Amino acid sequence: MSEIKFYNTFSKQVEAFEPIEPGKVKLYSCGPTVYSHPHIGNFRSFLMADLLKRFLEFKGFAVSHIMNITDVGHLLDDADEGADKLEEAARREKKDPLQIAQTYIDSFMTAGKLLNMKPADSYPRATEHIQEMIDMVQTLIDKGHAYVVGHNVYYDVTTFKGYGKLSGNTLDDLNAGARIEVNSEKRNPQDFALWKHDPKHIQQWDSPWGRGFPGWHIECSAMSTKYLGEQFDFHTGGEDNIFPHHECEIAQSEGASDKKWVKYWMHGRFLMVDGEKMSKSKGNLYTIQELVEKGFKKNAIRYALLSSHYRQNYNFTFDGLKGAEQAIDKIAQCVFTVKEKAKASSDTAVRSEVTAFIDKALAGFEEALCDDLNVSKALAAVFELVKEANKLSEISAGEAGAIIAAIEKIDSVLGVLDLEAGGDEIPAEIMELAEKRKQAKLSKDWAAADAIRDQVTAAGYVIEDMPKHEYRIKKAD
RNA sequence: GGCGGCGUGGCCAAGUGGACUAAGGCACUGGUUUGCAAAACCAUGAUUCGUGGGUUCGAAUCCCACCGCCGCCUCCA
């Protein structure tokens with residue numbers, strides 16, 4: 001049994017995985033900021049966390065998973081000026097910020113369901129944890145990590161010796177970069193806000209420092225501590241979160257607790273579309289719902305976003321999505337065929353060569369994922385299994401059961417097959433046509449059979465013939 | 001300017017010093033099968049891993065240079 005290894009952004013190395021508490025894993029994922037519909041890029045990062053979680057569960061760990069919802073806007077820039085995005089959206093759509101947030105939370109949840117993401121144990125919302133944030137800010141002030149200027153509170157980065165360790169930035173480098181407009185209130189240009197006062201802000205709360213709103217890093221520190229404790233195993237996010245967001249979170253959490261906070265940091269690389277960076281101006285910012293409306297299968301979207309390594313830029317294309325549909329169908333087809341072939345059998349015996357290729361595939365699958373979630377390699381093992389299974393001309397009931405159990409086990413991690421749903425939903429009239437065609441074929445009326453097939457094709461379905469006049473109907477791509 | 005990543009067959013992608021005479025998927029072509037298709041199976045495709053040097057008995061894998069692409073350096077998954 002190979003050991004589980006993950007690349008840790010903090011150490012910049014692949015490390016052997018050892019949970020803090022045996023058998024248990026605590027996982028925190030940076031979730032959506034709900035001022036717009038989440039897009040495929042956001043979901044690539046969320047799906048990385050989903051894959052990690054499903055794999056750890058596959059390996060028998062009890063996983064506690066928390067994903068925050070950022071429903072309070074961030075400042076646009078560190079000069080602490082400008083509108084925040086949630087409030088901008090609220091003004092644009094002439095709605096209350098919380099209404100805006102709810103709209104996009106719903107959108108996020110819908111898309112997550114379409115992508116067959118396992119729900120987190122809890123989705124804490126920033127606006128419901130203001131008190132926890134205030135408490136943590138107070139602790140940081142008491143410990144000398146933070147200071148108050150008027151109605152604002154800042155974190156003094158020079159008081160935290162590890163600042164910059166995650167991102168590789170040093171205070172000097174950041175100084176040299178100096179894109180930062182110097183805010184004269186701060187002791188150091190790199191200091192970041194923990195609590196801000198701004199009368200223009202719509203969302204405001206009372207605090208010991210006056211009415212205001214929390215800085216945009218404190219929510220993750222406060223909420224993760226509340227739900228997972230002062231130390232936990234994994235923190236995931238997109239690569240852009242590394243700096244400043246996660247760097248600042250470490251300074252806050254470790255500054256407040258004086259304990260090593262997160263054991264493994266995992267960050268997904270950005271997704272590109274047609275070789276270009278995704279952006280609104282290029283019009284290549286797709287949402288999951290849009291792709292489903294375009295007729296792409298939700299499982300194919302999941303497969304596509306998941307099928308390349310999370311530390312690799314993934315290039316999203318419609319051709320790639322088509323390919324993903326084909327690839328999933330190959331596995332689904334195999335399951336169907338195996339069941340069909342074993343239908344008449346009541347033999348529970350399993351030949352040793354069948355056991356052998358099943359075991360080999362499962363071992364290969366598991367070993368690949370143990371290696372820092374090498375999905376591409378894991379998928380190769382799956383397709384070897386499919387190929388071997390397809391080669392069998394006779395399959396006993398026992399063998400079919402073993403093959404399908406293996407594929408189910410694999411899909412508990414991949415989550416792309418809809419095994420319990422049994423494939424596409426087929427309308428009754430299409431089922432009738434298929435049955436008529438079968439009768440036509442039995443009476444060797446090929447012209448009638450072909451005419452019916454054309455009719456079915458025109459309706460957007462495909463009939464695939466099986467041995468003994470059986471058939472499978474599926475939606476056309 | 002500082003830091004980091006990538007470039008493998010038509011497309012996606014694994015492999016990071018020796019059984020690589022380079023997985024797997026998609027697409028293509030030929031064959032088997034089929035009433036004809038589809039699906040499935042078999043076969044075929046990189047003398048080669050961005051380009052040029054170098055190290056080594058041996059390099060896709062290490063080093064140097066160059067070219068191209070991507071990310072971070074206080075909005076961003």
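Here the structure is a predicted model, which means the values were calculated and not measured.
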Counting only Watson-Crick pairs (N1-N3 plus N6-O4 or O6-N4) and G-U wobbles (N1-O2, O6-N3), all under 3.5 Å, who is the partner of B/C3?
B/G71
Both distances under 3.5 Å, Watson-Crick or G-U wobble: report the partner of B/G35, or none.
none
On a whole-Å scale, what distance lies between the C1' atoms belonging to B/G5 and B/U47?
30 Å
Does the cation-pi check pass for A/Arg269 over A/Tyr310, that is, NZ or CZ under 6.0 Å from the six-membered ring centre and within 45° of its axis?
no
Is the distance from OP1 or OP2 of B/G24 to the nearest side-chain N or O of A/Lys387 less than 4.0 Å?
no
Among B/G35, B/C75, B/G24, find the nucleotide with the atom closest to the side chain of A/Phe383.
B/G24
Side-chain atoms of A/Lys330 come closest, of B/G5, B/A77, B/G25, to B/G25
Base, sugar-phosphate alone, or nothing: which one does A/Asn241 contact when heavy atoms must sit under 4.0 Å apart?
sugar-phosphate
If you measure from the Lys or Arg side-chain nitrogens to the Asp or Glu carboxylate oxygens, is any gap between A/Glu384 and A/Lys387 under 4.0 Å?
no
Any side-chain N or O of A/Lys377 less than 4.0 Å from the OP1 or OP2 oxygen of B/G24?
no
Using the C1' atoms only, state how far B/U21 lies from B/A46, rounded to an integer number of Å.
12 Å
Figure out the CZ/C1' separation between A/Phe10 and B/G4, and round it to whole Å.
17 Å
Between B/A38 atom P and A/Phe336 atom CZ, what is the distance in whole Å?
18 Å
Distance check, P atoms only: B/C3 and B/G9, in whole angstrom units.
31 Å
Picking from B/A23, B/G5, B/A77, the nucleotide nearest the side-chain atoms of A/Thr33 would be B/A77
If you check the A/Gln190 side chain, which of B/A14, B/U74, B/C36 turns out closest?
B/U74
Which nucleotide in the set B/A77, B/A14, B/G35 lies at the smallest distance from any side-chain heavy atom of A/His309?
B/A14
Taking only the side-chain nitrogens and oxygens of A/Lys474, find out if one of them lies under 4.0 Å from OP1 or OP2 of B/A39.
no
Can you confirm whether A/Glu394 is buried at CD, in the sense that more than 12 heavy atoms of other residues, nucleotides or ligands lie under 6.0 Å from that atom?
no
Nearest listed nucleotide, side chain of A/Tyr35, among B/U74, B/G35, B/C76:
B/C76
Taking pairing as Watson-Crick or G-U wobble with both contacts under 3.5 Å, can you name the mate of B/G45, or confirm there isn't one?
none
Salt bridge A/Arg437-A/Asp465, side-chain N to carboxylate O under 4.0 Å:
yes
For B/C62, what is the paired nucleotide under Watson-Crick or G-U wobble rules, both distances under 3.5 Å?
B/G54
ring-ring contact (aromatic ring centres under 6.0 Å, His included) partner of A/Phe234, chosen from A/Tyr264, A/Phe10, A/Tyr28, A/Trp265:
A/Tyr264
Counting just side-chain N and O atoms, does A/Asn374 come under 4.0 Å of either OP1 or OP2 of B/G15?
yes
Test: A/Arg472 and A/Glu464 ion pair at under 4.0 Å
yes
Contacts of A/Gln439 meeting side chain to side chain contact (heavy atoms under 4.5 Å, CB included) (sequence neighbours excluded), chain-then-number -> A/Glu435, A/Leu442
Do the side-chain N or O atoms of A/Gln326 get closer than 4.0 angstrom to the phosphate oxygens (OP1, OP2) of B/A27?
yes
With nearest nucleotides of RNA chain B determined for A/Asn315 and A/Arg437 from heavy-atom distances, which residue corresponds to the more 5′ nucleotide?
A/Asn315
Quick one: does A/Asn241's side chain have a donor or acceptor within less than 3.5 Å of a partner on A/His245's backbone?
no
Using the P atom as the point on both nucleotides, what is the distance between B/G17 and B/G7, in whole Å?
15 Å
Rounding to an integer number of Å, can you tell me how far A/Asn42 CG sits from B/C76 C1'?
9 Å
Between atom CD in A/Gln312 and atom P in B/U16, what is the gap in whole Å?
13 Å
Which whole-number value in Å describes the distance from A/Asp450 CG to B/A38 P?
13 Å
When the C1' atoms of B/U8 and B/U61 are considered, how many whole Å apart are they?
11 Å
Can a donor-acceptor pair under 3.5 Å be found between the side-chain atoms of A/Asp319 and the base atoms of B/A27?
no
A/Lys277 NZ to B/C6 C1': how many Å, rounded?
16 Å
With rounding to the nearest 0.5 angstrom, report the CG to NZ distance, A/Asp418 to A/Lys298.
4.0 Å
The Watson-Crick or G-U wobble partner of B/U16, with both key distances under 3.5 Å, is none
Considering just the side-chain nitrogens and oxygens of A/Lys322, establish if one lies under 4.0 Å of OP1 or OP2 belonging to B/G25.
no
Whole Å only: how far is the CD atom of A/Glu185 from the P atom of B/U74?
20 Å
Could you check whether A/Met272 gets within reach of a base, just the sugar-phosphate, or nothing at all, counting any heavy atom under 4.0 Å?
sugar-phosphate
Quick check for you: among B/C26, B/G35, B/A38, whose closest atom lies nearest to any side-chain atom of A/Glu464?
B/A38
Does A/Arg453 get its side chain close enough to the base of B/A37, under 3.5 Å, for a donor-acceptor pair?
yes
At less than 3.5 Å, do the side-chain atoms of A/Asn313 and the base atoms of B/G71 form a donor-acceptor pair?
no
Report which part of the nucleic acid A/Gly41 touches: base, sugar-phosphate, or nothing (heavy-atom distance under 4.0 Å, all strands).
base
Quickly work out the A/Lys475 NZ to B/A39 P distance and round it to whole Å.
19 Å
If you check the A/Glu384 side chain, which of B/G24, B/U74, B/C75 turns out closest?
B/G24
A/Ile242 or A/Ala381, whichever maps to the more 5' nucleotide of RNA chain B:
A/Ala381
Phosphate oxygens OP1/OP2 of B/C41: is one of them under 4.0 Å from a side-chain N or O of A/Asn390?
yes
Sub-3.5 Å donor-acceptor pair from the side chain of A/Arg302 to the main-chain atoms of A/Gly415, do we have one?
yes
Choose from B/G71, B/G25, B/A38 the nucleotide whose nearest atom is closest to any side-chain atom of A/Asp465.
B/A38
Indicate, with a heavy-atom threshold strictly under 4.0 Å, whether A/Lys444 touches base, sugar-phosphate, or nothing.
nothing
Rounding to an integer number of angstrom, what distance separates B/C20 and B/G15 when you compare their C1' atoms?
9 Å
Using a heavy-atom cut-off of 4.0 Å across all strands, would you classify A/Met266 as base, sugar-phosphate, or nothing?
nothing
Span that lies between the C1' atom of B/U44 and that of B/U32, in whole angstrom:
15 Å
In whole Å, measure the gap between the P atoms of B/U48 and B/A60 for me.
11 Å
Out of B/A37, B/C72, B/C12, which nucleotide sits closest to the side chain of A/Asp240?
B/C72
